[in-house]
Amino acid sequence: MKFSTKAISVAEEPNLSGKTSSDVISSIHLASTFAKPDFENTIRGFGYSRLTNPTREVVESKLAALENAKYAICYASGQAAECVSLLSFLKSDDEILCFDDIYGGTRRLLSKVFNHFNIKVKYLDMTKLENIQSAITNKTKIIWLESPTNPLLQLCDIKAICNMAKKHNILSVVDNTFATPYLQKPLDLGADVVVHSMTKYINGHSDSVGGAVVLNDDSLYEKLRFVSNSTGMILAPFDSYLHARGLKTLALRMERHCSNALEIARFLESHNKIEKVIYPGLPSHPQHELAKEQMNGLFGGVVSVYLKAEYQQVQVFAKNLKHFILAESLGGAESLFGCPYYMSHGSVDEVVKKELNITKNLLRLSIGLEDVEDLKEALSNALDKI
Ligand SMILES: *Cc1c(COP(=O)(O)O)cnc(C)c1O
């Protein structure tokens with residue numbers, strides 16, 4: 001089956017037995033616990049909803065199918081998914097190598113929570129392979145990647161880095177939130193583990209927070225399943241249903257997010273109030289060639305821009321921007337925008353923000369599914385106010 005067929009048909013089996021109704025979609029199973037036929041057995045493996053739940057299994061089966069993976073486990077948020085993978089695969093005294101431009105929340109989790117357990121993190125510019133090679137030590141346990149990154153939309157060569165990790169017996173983990181499996185499938189490129197914030201494109205409608213870990217290896221899965229059951233950071237049934245529903249239209253939505261974003265990136269690049277546009281689909285992006293190879297011919301729905309303006313004028317732009325809602329998050333039907341300096345990267349230390357060039361005139365646009373002409377007009381009008 002191809003991508004959209006899997007998204008729609010996996011884990012949807014109308015019940016034609018006549019014992020229940022024959023819904024064409026999987027129902028929502030709210031039960032916290034399931035009746036057992038006797039002391040030792042369960043019906044179809046369902047015993048208690050912290051461990052497994054039929055509705056959560058639907059979204060897990062669909063996501064695993066879309067990532068060409070054997071297993072997926074879904075959690076209450078992207079951060080919960082990251083947390084469970086770190087707890088499952090690390091022990092005290094291990095080291096992580098991490099792309100320096102990762103999501104602010106991931107950086108906070110690693111540097112301000114896991115540091116209490118004597119886990120060390122080295123942040124590197126992973127656009128250059130040699131930086132990773134020279135940072136590996138015999139304590140390195142995980143290489144943590146994100147591509148494209150948030151908010152600077154830098155790419156890393158997933159295949160080459162995962163190859164290097166494999167040679168050194170290091171686990172490679174890829175946060176695939178921005179690309180989604182429609183644009184890239186890290187497990188096919190050699191990664192061991194994929195993590196997702198499903199809150200963004202997978203849900204796609206800004207109405208549920210969720211996360212997932214996706215993988216192929218049986219023994220890693222056993223560890224993950226054990227820690228998942230033990231910690232209980234599960235995705236609830238109703239939210240599982242919303243994410244499963246989102247997955248059914250992921251391909252359609254990504255096509256539109258990406259075509260709108262490319263058009264807007266081109267439009268902004270030629271505008272005299274813009275200092276710089278960052279978008280992997282523009283030839284001016286330093287890794288445009290890698291993006292063409294690695295992202296299924298598409299470039300994502302996020303465009304980052306440096307306005308040619310002082311902070312006070314950036315605020316004027318923000319006040320005057322129609323159709324884009326000033327809000328955290330991305331990947332929903334509606335266009336959103338934010339200032340990473342204060343928002344997604346608010347918790348990142350000042351020196352680090354300076355190093356990464358996360359400044360007050362940098363805005364991140366999540367391009368939605370509206371008509372692109374309306375979005376361009378809105379941006380143009382707000383820029384005229386600067
Ligand atoms: C939002 C996000 C997360 C965190 O996910 P939540 O669902 O908000 O917990 C992790 N990684 C990336 C790239 C994100 O954009």
Side-chain angles (χ1 to χ4, degrees), residues 56 59 63 67 72-87 96 98-114 121 123 126 142 144-156 158 173-184 186 191 193-214 228 231 233-236 239-240 242-243 246-247 250 254 257 261 278 280 295 300-304 327-332 336-340 343-348 356 358 364-368:
R56 195 159 64 242
V59 62
L63 183 58
E67 288 278 10
I73 306 184
C74 291
Y75 302 94
S77 68
Q79 288 308 110
E82 293 182 5
C83 197
V84 175
S85 15
L86 294 167
L87 289 169
I96 306 179
C98 197
F99 203 160
D100 59 6
D101 186 36
I102 48 161
Y103 176 69
T106 306
R107 194 161 182 137
R108 178 174 52 196
L109 178 68
L110 291 170
S111 298
K112 298 185 178 173
V113 179
F114 274 87
V121 191
Y123 295 98
M126 292 205 175
I142 288 180
W144 191 284
L145 309 174
E146 201 178 301
S147 186
T149 56
N150 177 15
L152 298 178
L153 306 175
Q154 300 186 72
L155 274 70
C156 59
I158 296 175
V173 180
V174 179
D175 183 335
N176 204 27
T177 300
F178 268 47
T180 82
Y182 189 60
L183 271 60
Q184 80 196 2
V193 178
V194 168
V195 297
H196 275 289
S197 168
M198 300 200 299
T199 316
K200 316 295 169 47
Y201 291 106
I202 288 178
N203 168 274
H205 297 75
S206 306
D207 57 9
S208 172
V209 174
V213 180
V214 189
S228 301
T231 53
M233 294 190 247
I234 55 165
L235 190 66
D239 297 274
S240 298
L242 290 173
H243 292 284
L247 274 175
L250 181 65
M254 289 314 290
H257 281 299
I278 308 176
M295 297 173 71
V302 175
V303 177
S304 292
E328 301 282 3
S329 199
L330 57 111
L336 302 178
F337 79 111
C339 180
M343 297 167 65
S344 63
H345 287 58
S347 67
V348 174
L356 298 174
I358 296 176
R364 186 187 76 189
L365 310 175
S366 168
I367 309 299

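Numbering of ligands and ligand atoms starts at 1, following listing order. Quick caveat: nothing in here was measured; it's all calculated off a predicted structure.
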- Donor-acceptor side-chain pairing of Asn176 and Glu67 below 3.5 angstrom: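 Yes.
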- Message: Whether the Tyr103 and Ser197 side chains hold a donor-acceptor pair (N or O, under 3.5 Å, no angle test) is what I'd like checked.
- Response: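 Result is no, nothing qualifies.
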- Item | Option among Val193, Leu145, Val214 that satisfies the side-chain contact (heavy atoms from CB on, under 4.5 Å) test with Val174 |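 Single side-chain contact (heavy atoms from CB on, under 4.5 Å) partner of Val174 among Val193, Leu145, Val214: Leu145.
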- Query: Is it the side chain, the backbone, both or neither of Lys200 that has a heavy atom closer than 4.0 Å to ligand 1?
  - Reply: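 For Lys200, the contact with ligand 1 is made by the side chain alone.
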- Around atom 9 (O) of ligand 1, find the nearest protein heavy atom and jot down its residue, atom name and distance.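 Among all protein heavy atoms, the one nearest atom 9 (O) of ligand 1 is Gln79 N, 2.9 Å.
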- Task: For atom 7 (O) of ligand 1, grab the closest protein heavy atom and report residue, atom and distance to one decimal in Å.
- Result: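 Going by distance alone, atom 7 (O) of ligand 1 is nearest to Thr199 OG1, 2.7 Å.
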- Query: Quick one: does Glu82 get within less than 4.0 Å of ligand 1, heavy atoms only?
  - Reply: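 The answer is yes: ligand 1 sits under 4.0 Å from a heavy atom of Glu82.
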- Query: Under a heavy-atom criterion of less than 4.0 Å, does Ala81 contact ligand 1?
  - Reply: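 Distance cut 4.0 Å: Ala81 fails for ligand 1.
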- Message: When you compare the side chain of Cys98 with that of Leu110, does any pair of heavy atoms fall below 4.5 Å?
- Response: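 In contact.
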- Message: Are Val348 and Ile358 packed together at the side-chain level, in the sense that at least one heavy-atom pair is separated by less than 4.5 angstrom?
- Response: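 With C-beta onward as the side chain, the pair stays apart.
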Could you list the atoms of ligand 1 found under 4.0 angstrom from a heavy atom of [X]?
X: Gly210; value: 7 (O)
X: Gly78; value: 5 (O), 6 (P), 7 (O), 9 (O)
X: Glu146; value: 13 (C)
X: Phe178; value: 15 (O)
X: Ser197; value: 1 (C), 2 (C), 3 (C), 4 (C), 5 (O), 6 (P), 7 (O)
X: Asp175; value: 10 (C), 11 (N), 12 (C), 13 (C)

- Task: List the atom of Cys156, the atom of Phe99, and the distance in Å for their closest heavy-atom pair.
- Result: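 It is CB-CE1, 3.8 Å.
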- Task: Taking all non-hydrogen atoms of both residues into account, name the closest pair between Ile158 and Ser147 and its distance.
- Result: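 Residues Ile158 and Ser147, closest heavy atoms: CD1-CB, 4.2 Å.
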